[in-house]
Amino acid sequence: VHLPNFSLPNIIAGERILPELLQKEITTGRIVEEAETMLRGTKSAAELQQKLRSLRDKLHRDDAAGYTAALILETADRCAAGRSILEDHA
């Protein structure tokens, strides 16, 4: 299964709002580069904060674990069916 995002915050948000690095990609230089991009890049720090607040609001609920599990299963089902995971989130 190929997912466009693999971190829970990005899966739940339905878009990549935070950088995702795997194994050898995780270096001090790369982390600094990603942090600088987040703070000074095309997305403003205010926009990033708003998206993170929205993510927090989605998870600040009595059934947060169930909600998250349902999103993960929905994402896996969409990928298995060859459908875009964003088609209902636009």
Side-chain angles (χ1 to χ4, degrees):
V1 174
H2 173 74
L3 298 174
N5 298 305
F6 59 83
S7 71
L8 283 177
N10 292 340
I11 290 171
I12 294 167
E15 65 178 307
R16 185 170 292 187
I17 58 174
L18 297 172
E20 299 180 322
L21 303 174
L22 288 172
Q23 299 174 352
K24 292 181 181 180
E25 296 174 328
I26 301 173
T27 64
T28 303
R30 184 68 187 275
I31 292 170
V32 168
E33 178 184 320
E34 293 293 342
E36 287 177 345
T37 299
M38 284 174 35
L39 297 173
R40 298 186 202 135
T42 56
K43 292 183 180 178
S44 68
E47 181 183 356
L48 178 59
Q49 288 176 344
Q50 184 277 325
K51 288 184 179 196
L52 291 172
R53 278 190 204 98
S54 175
L55 180 61
R56 180 198 60 206
D57 293 344
K58 286 181 180 180
L59 293 174
H60 191 259
R61 35 192 295 162
D62 291 337
D63 65 338
Y67 175 75
T68 301
L71 283 173
I72 292 168
L73 290 173
E74 177 186 329
T75 299
D77 288 344
R78 287 177 187 280
C79 288
R83 295 178 6 228
S84 168
I85 66 166
L86 301 177
E87 65 189 37
D88 293 336
H89 299 283

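Note that these values count all heavy atoms, side chains included, but never hydrogens, waters or copies made by symmetry. Predicted, not measured: the structure shown is a model, and the values here were computed from it.
Between Glu34 and Pro19 the shortest heavy-atom distance is OE1-CB, 3.4 Å. Pairing each heavy atom of Asn5 with each of Glu15, the nearest pair is ND2-C, 3.9 Å. Heavy-atom minimum distance, Ile17 versus Asn10: N-OD1, 2.9 Å.
Between the OG1 atom of Thr37 and the CD atom of Glu33 there is a distance of 5.5 Å, given to the nearest 0.5 Å. Ile72 contributes atom CD1, which lies 12.0 Å from atom CG of Asp77 (distance to the nearest 0.5 angstrom).
Proximity of a side-chain donor or acceptor of Ser54 to a complementary backbone N or O of Gln50 within less than 3.5 Å is not detected. With hydrogens and angles disregarded, no donor-acceptor distance shorter than 3.5 Å links the side chain of Glu25 to the backbone of Arg30.
Cluster membership check: Leu18 does not share its hydrophobic cluster with Leu21, using side-chain heavy-atom separations under 4.5 Å among Ile, Leu, Val, Met, Phe, Trp and Tyr. When hydrophobic clusters are built by joining Ile, Leu, Val, Met, Phe, Trp and Tyr residues whose side-chain heavy atoms come closer than 4.5 Å, directly or via intermediates, Leu48 is not grouped with Ile31.
A heavy-atom distance below 4.5 Å is not found between the side chains of Leu8 and Leu71.
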